[in-house]
**Q** 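For reference, the structure I am asking about is given below.
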Amino acid sequence: MRKLFAILSLLVVASMVLAACGPTTAPVTEAPAAPAATVAPAPAVTEAPAVATFTSKDPTTFTVAESDVSIDTLDPALAYDTASGEILQNTYEGLVFYDGEATDKFVPQLAESWTTSADGTVWTFTIRKGVKFHNGDEMTAADVAYSFQRGLLQGGYSSPQWLLAEPFFGVGNDDITMIIDEGASADARDTLVANDPAVLTAACDKVQAAIVADDAAGTVTMTLAQPWGPFLATIAQSWGSVMDKKWVMDNGGWDGTCATWQNFYGMASSDDPFSAIENGTGPFKLDSLKQGEEVVMVRNDAYWRDPAKLERVVLKSVPEWGTRFTMMQAGDADLATVPPANRSQMDELVGAFQVYDAASNTYGPVADVCNYDSTALAAAKYTACAAGEAGNGAPFLGRFGRPGISQDVILFNFAIQQPEGGNQYIGSGALDGNGVTPDFFADEHIRKAFGYAFDWETFITDVWKGEAVQSLQLTLPGMPGFFLDTPHYALDLDKVTAEFKLADLDHDGIAAGDDPEGDVWTTGFRVQMAYNQGNNTRQTIAEILAGNLSGINNKFVVETLGLPWAAYLRAQRAKLLPIMTGGWLEDIHDPHNWYQPYTTGTYGGRQNLPADIKDQFKAFLDQGVAELDPVKRGEIYKQANQLYYDLAVGIPLVLTTSHGYSQRWVDGVILNPIFPGNYYYTISKK
Amino acid sequence: MTTYIIRRLLLVPFLLMGVTILIFGMLQFLSPVERSALYVRDFPKNEKALDAIIKRYGLDRPMYEQYWRWLVGVVDVATGERSGGILFGDLGYSRTSSQPVIDLILSRFPNTLDLTIWAVAPVILVGIWLGVQAAVHQNGIIDQAARIFSIIGTSFPTFVFGLLMLMIFYANLGWFEPGRLADEYMRVVNSDAFRHYTSLITFDALLNGRFDIFIDALRHMFLPILTLSYISWATFLRVTRSSMLETLRMEYVTTARAKGLPERDVIFKHAQPNAMIPVVTLAGGSVVGLLGGVVITETVYNYPGIGAAAAKAATTLDVVTMLGFALFNGIILIVANLVVDILYATVDPRVRLS
Amino acid sequence: MSDLLLDVQGLETQFRTPDGIVHAVNGVSFGLKEGETLGVVGESGCGKSVTMLSVLRLIASPPGKVVAGKAFYRGQDLLQMSDEEIRHIRGAQMAMIFQDPMTSLNPVMTIGRQLIEPLMLHLGMNKDQANARAAELLEMVGIPHASERLSDYPHQYSGGMRQRVMIAMALSCNPQILIADEPTTALDVTIQAQIIELVKRLRDELGMAIIWITHDLGIVAGLAQRVLVMYGGFIIEESQVIDLYANPSHPYTIGLLGSLPRLDEIERQRLFSIEGMPPVLYNKPTACPFAPRCKWVMDRCWQENPALTEVSPEHRVACWVDVKTGKAR
Amino acid sequence: MENTHQVLLQVKDLKKHFPVFRGVFQRQVGAVRAVDGVSFDVYRGETLGLVGESGCGKSTTGRTILQLYKPTAGSVVFDGINLVTLKGEDMRHMRQRIQMIFQDPYASLNPRMTVGEIIGEPIMVHESAVTAKQIEERVAALLNKVNLNPAFASRYPHEFSGGQRQRIGIARALALKPDFIVCDEPISALDVSIQAQVVNLLEDMQQELGLTYLFIAHDLSMVKHISDRIAVMYLGVVMELADRANLYAEPMHPYTQALLSAVPIPDPRLEAQRRRTILEGDVPSPVNPPSGCRFRTRCPIAEIGLCDLSQPEFREVKPGHFVACHKVS
Amino acid sequence: MAEIKPSGDNTLLKDTISIRPIGRVERFLGPENYRIVTGLLKTPASFIGFVLIGFFIFIAVFAPLIAPPLEGRDPYQIPRDGFSSDPRPMGTEWKRNRPEMPFWYQPLTGQTQWVHLLGTSEGQYDIFYGIIWGTRTAFFTGLAVTFATLLIGIVVGSVSAYYGGWVDNIIMRVVDVLLILPGILAALILAAVLTPRIGKSLIPTMAALIAFGWMGYSRIIRGDILSVKERDYVMAARVIGVKDSRILFRHIIPNAIFPTLVLASLAVGEVVLSFAALSFLGIGTEVGYADWGQVLSFARNWITSLNTYWYIVVWPGVTLVLYVMGYNLVGDALRDVLDPRMRGRS
């Protein structure tokens, strides 16, 4: 349903320092560089002059070679992909913004300050004065309120607005249509318009009552349906951007009245006038947008703070890795998307590096590279120079070690659908050794057995070359509810055997290990594990599982099957796939953003989770999100973790750590993994 | 001559119709949902909306009906707005590049045209020159070298060749950059000060008197031109060579020699014009080859032409976009072949005067 | 020797083919006097055309090559000349016309352009002069409305007309020698008669020497003063025309004449036929090349290739046998 | 003329027009009137020569008689059967009795078949009962008959010289013991010395097997040599038909006269005395033949107001001597 | 002349045929085809070409001995030693999925350890296996595509030429239409629409190459039949009363088809290049299938780092280039032999 592109973006996880660019590749990060040499890239690891300086040919223009530049929409209310997000983050602004590299601390941006009521439901933001939109209009409190109202009312079910809908309408009410007709007209404007006008007006009134601007006082007051722990995180992203009400109306947008809002509901990019133009308050203005080719942003000289240091930012679409690589070598790109698989080529050319320090939650200082060992993993490849020693002079800066914000989970289908004509993915559909029964994974022991059969170590060393850690739970490090001592699955072939023997797939009350009539342990099974073609990581996940299971019992057959993306998605949506890998890239750094999709939301649905399991998780979610005390929240999510583990609803796999590169002349990059791209305001070049 | 051209022109609509039917036939491999990109931009967000679209655009109707709709589009009774209709230039929506296919093509095509023109020119000039030399000095150094080079060249997969060139001439030597134009010049080209006469940057640069931009554009195009043309010129060489060899055996060449003409005149005045007749026919085929070649070449050199866009559409299975390209290519090639036919008639008086 | 306009001595020409080296011309010597018409007769592959092309150095090389011999034109050896020098001979001093008027004219050039080329080249005319002269020339060879037809292309002319154009072109610079390589073979007999008449008339008017290559003994009889008969790359008989027909002395010549039915024959006679087929020489023959087909063959014929010897005044034959007696000479 | 005057083949008013397409829609705008009303009889055992210049329709006549081209009009009655109306299998069977020898011995033998297969094929397709062995024997006999070594049956045509190939073609034509053979310029592609071999062979076969020939050629002297009677064609119609002696001695049609005078005779003395009638111009296009008499545009005695008005009747001026000319009485 | 009485005996002349000796092969092939064949064998370049092709045939035939497949696994699935994306150099030790050591390895190298002879590619696919088994794929796809296109081409071309008139007109216009789309683009599109329907395998690409590959043959065979149809020996066959069917199959087709066959046999090599191009564009076989195009595509991201990873480009690259070059060398000589007919085809 939502944020489906995240499924595609497993690779993104890999080098996740910034929250990614295109759907299949990793972003690159940047950091200040020590003074060093040569403009022309030195061939590989060669000796370099003792003192070298790295300077760019064109210090005012910043060029990024991305694997693709295609912008879904520039309407902040609707944009939900990282490529659009990157443009929006640099052209529009919201009330608050992330505090540097932190994913959970916020600083004022268009709001000067804010207050929260004691119960945590009423938020009052004082709006910054003297801020101008790119077209010269003054930004007011009314603009702020209008922008949020507009988002909530016209976002639609497939937009990021569900993240705002829940705080304002209550957990589970992830779209305005939920409070109109329980979601019956979700994303279907034709159906929505047919509703009783009174109901429609009432919904709109409710939104307008919840978000009130006081232009005189310069404040905006927001009233939530319940306390909402991660509220600032929710509005800090691009969907919290402030638009110019007058400009929107001039361009054919919603006029702000409750009589007409439904006509703007669930807009498609094609009929949205704001999908390719922008008028934000941000440090950059959109200069030109050539889909699939390049996006150019230029400096906003009338910015309310000091203008940005860069005059121009060019995001180029360079699909071929070899071409991007040569652009980096030639110094024509300041940053480039580097797929994890191709990092070793870049690694050779790293002349300075920086490693994330988990304790301080920041990157350490930049050190020149004096020795490179291609056989080691990640940052261990490099030996920093001793004091006074000259570095190798290689042109790139490498950055390592920060855990990413997305992960893959092995998901089991509790009730595999069997349409007429059968379901090829479960073979015969029976317990005859040549297939599995549709309720195969409804058996908890089977799920656990699969959980114990995965080999994290191989996966991490082979696929990620050490740059990943096992994911112990759905929550990410730094979030409430993240505990290192959480129970988790690990490779244990004995337990696999044991669990298979405990299973009872013929429902005769006798565990398979003791069943004289035969059960899964004796008959075996054959099941297909599909992955989307081209996603080598997922293919490997499936192959590792298949290998280990057949090692236990050669009647256990997991066939790996690459499907074209569309076919994969279709089978997944039709709940045909017995076992799959589901990926998620977080929107906000909060456990709610993980439990919602994996239990009650998208993936829970695709897993056909039984209602009783869903309800148990729903209870945790309701509780957890409304709790403001981080410690208590932590406890709640800890219980959720335990339940997720006990039932083996899914098997979280790994969290990858960051690994990014830039030219050494690039300075001032904020490495925040939750950013949808780079924040160019702080960046400068030598 | 006129009759000949009219006959060729009359054939064009038939060929176009054939191409559209062929392409539409391939569309039938798509599901109605995927075909909806012919008319609507966004993937329908839910099943109901999807059904409505399938019904509205008749995506489940018999093939001939769908074909007709595809040709002329569907007019909304209420608003009178037309969606789809390739006859009206609507080739559907490219979901991979988030814009209508026709816009994508129109924005990319001048770049490809620019590239092809510059690629064809050396192909024809070098190919023909070498071909003549190889024929005149049969089994001489030029002949053998050109032959060996062309055999090795045609045995190389284009992308390997392209990436190798990139490594040598860009990463190591820094001579020729990928892409279209240096950013600073791109800025000039995009500004109002730069007038767009032809949309082809090289020509516009000359017309604007910006020789620096012209040079930069050529610098960016050098490797793509090389890659695109290295197979074609071998073909031209070969055809020119064999045609020239055959011509040189003709009695009128002996006649010319017997008249006492200098060898230069014998070859360039008497033999070559005759030898060019089959070469002209080849030119049409070579445009076909070049347009096919841009798919990989543009991808490798990140050149923003239609080929790169087609390659991207292919890897993401954005079939509507690819079919748009195919149709467009078809039109270009029909025109190219027509031009070649007319050229052929001009070159050969026997065709012209009959 | 000084009275000879063209003096060819010991000419040898070879061709490289996939099957081996073909010895096309094997030491041919002959002379041409000023104003004389010399007929060269032989079957296809006997080397008659190659001889003449070799003299003018028009043999395509490769595969052909003149390996020996001299060809003096007014005392200068054509075979030793520089390319530049021979160019000034070709077209200007010695012109040539070919068998197939269809392929001898450049199809993509107008007749006019082709005609003015030698005029401008050898006579230094400017374009207007050359065009005027070209029209005159066409008129001279009997092409009606000549000036209008200058801008036509060869395919708009008929076969006979094309051959007239060829003749006009060949004669445009008043050459001393016209070499006609089977110029009427591709033409119908009535057209052939026209062309022969034309050539006779022009010969009388312009007084050039002619070398007329043909396989048709009939044409030679009416046109030439002297005849060379070639076989296997050798001249096997050389004679004044009257003498040749009255006293053919080589078995091949006899056979050739005997195998021709005569229009004026009254009673049907069985044709005299030469069995076997003409040779293609991959090796330079050490025996008489005609020996395998010869009905008078004797042992010596297989061992030694006879040289041309005079059997009567101005009549030379290369044969060991005196056919009149059937005995060795 | 010891002919029994038994008519074997009667060609009456035979026409063959090939359509000409022009214009945008390739509509038929006219026709090449290759054969435009030809009538003659061929008597059993004789050789009828059909002579004319290229494009006069003589080969088309031969092929139309054989029904290789479907006649546009007219009838071809062979031994009482009208071939024009014969269909499919009947015609196929009839082919046993009418055979053809082709002009080009290199093109008329399938290069992928052995000589044995080529000669045996007609036997095989017509005589179903015959065994392979029998075919082999008959092929050997036929090869012997045409003076080729029967051992060559397993060889392929390209191993043979032109004259030998023509013999193979003759053997193939004889394989079915036909009554009538159309010889379509069987010697014009051969060298002079070889022509006599083939002509002699044809004559021998005729004597031995009692064959009837329609001998098509452009070489008047050869036609005159081999034929009993000769028909002269011009632009699709027969101008004159007479026996060989008459035609030479008393040619009546001005075209025939011109043709005869154009043929060179290999005798210099004779040639020197001959007076030639040289025809002006070229043969007009068969698409737009001249009105009235086809020959009038080149005829030295044409009379305006007579020859351009009506086509002269082809009439018997003297016994066995037919002429189509207004001026001949 | 009648009085001249010749004396010699010339009966021997009857036994003389042919100016030069003609061998059995020439007799079998006929003059034109013999000229083609000898032309090919006599050119040194094309001889090298034949040697190369022969070498690859050897590899294809003996693939199971040269590179023994993994027990119980599809031999065309390249054995995968781990999952890492970084290629490993030549001589690296096998860790998992180690196939049996081939018989020739120890005697030839003196080593007892079966290693990755040519290194591993991105994803740890063994390059040696990919190349050896890919040879079979190359021949299979090449032969299958060529055979199918040839068959379609011949049938369509013969029908077109034999019936002529409207049939010919329509067929040739269809051919025109198909030729309008650039081959690679058309194949790309068809393969792209087919892939979601039938999955990634050799099939979509082959189907696409077949669908858009036959037109050239049909044009050539049509032209050849039309020209052979006009030859005198066809008329001669009609004169002797041969039935139409026999004329077509005995006289016309055997004489018309040979150049097309030779041409087609050379196209076997080109198919590999098309596969490589389509693999590069992401339309290819399932990951890990022994297909040179794919093995080479594994290298695409590493070509710009050749100093380190040269082996992952060089070995499959050289293999593919040599294979294609084998055909090209022969083809180039063939073009010279067939000259006028070849004009216009690249």
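Numbered from 1 within each chain, the chains take letters A, B, ... in sequence-line order.
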**Q** Would you indicate whether B/Phe156, at its atom CZ, is surrounded by more than 12 heavy atoms from other residues, nucleotides or ligands within a distance under 6.0 Å?
**A** no
**Q** To the closest 0.5 Å, what do you measure between CG (B/Asn274) and CG (C/Asn106)?
**A** 4.5 Å
**Q** Could you tell me which non-hydrogen atom of B/Pro262 sits nearest to which non-hydrogen atom of C/Leu121, and how far apart they are?
**A** CD-CD1, 4.0 Å
**Q** Can you tell me how far apart OG1 (B/Thr254) and CG (C/Asp181) are? Round to the nearest 0.5 Å.
**A** 10.0 Å
**Q** Does any heavy atom of chain C fall under 4.5 Å from the side chain of B/Leu248, the backbone, both, or neither of them?
**A** neither
**Q** Within residues 77-98 of chain C, which residues come under 4.5 Å of chain B, heavy atom to heavy atom?
**A** C/Arg87, C/Arg90, C/Gly91, C/Met94, C/Met96, C/Phe98
**Q** For the interface with chain B, which of C/Thr110, C/Asp100, C/Leu58 has the highest count of heavy-atom pairs at distances below 4.5 Å?
**A** C/Leu58
**Q** Which bit of C/Arg113 is near chain B, if near means a heavy-atom gap under 4.5 Å: side chain, backbone, both or neither?
**A** side chain
**Q** Counting distance only, does the side-chain N/O of B/Thr255 pair as donor-acceptor with the main-chain N or O of C/Ser104 below 3.5 Å?
**A** yes
**Q** At what distance, to the nearest 0.5 angstrom, does CE of B/Met250 lie from CG of C/Leu105?
**A** 11.5 Å
**Q** Of B/Arg257, B/Lys259, B/Lys269, which meets salt bridge (charged side-chain N to carboxylate O under 4.0 Å, His left out) against C/Glu117?
**A** B/Lys259
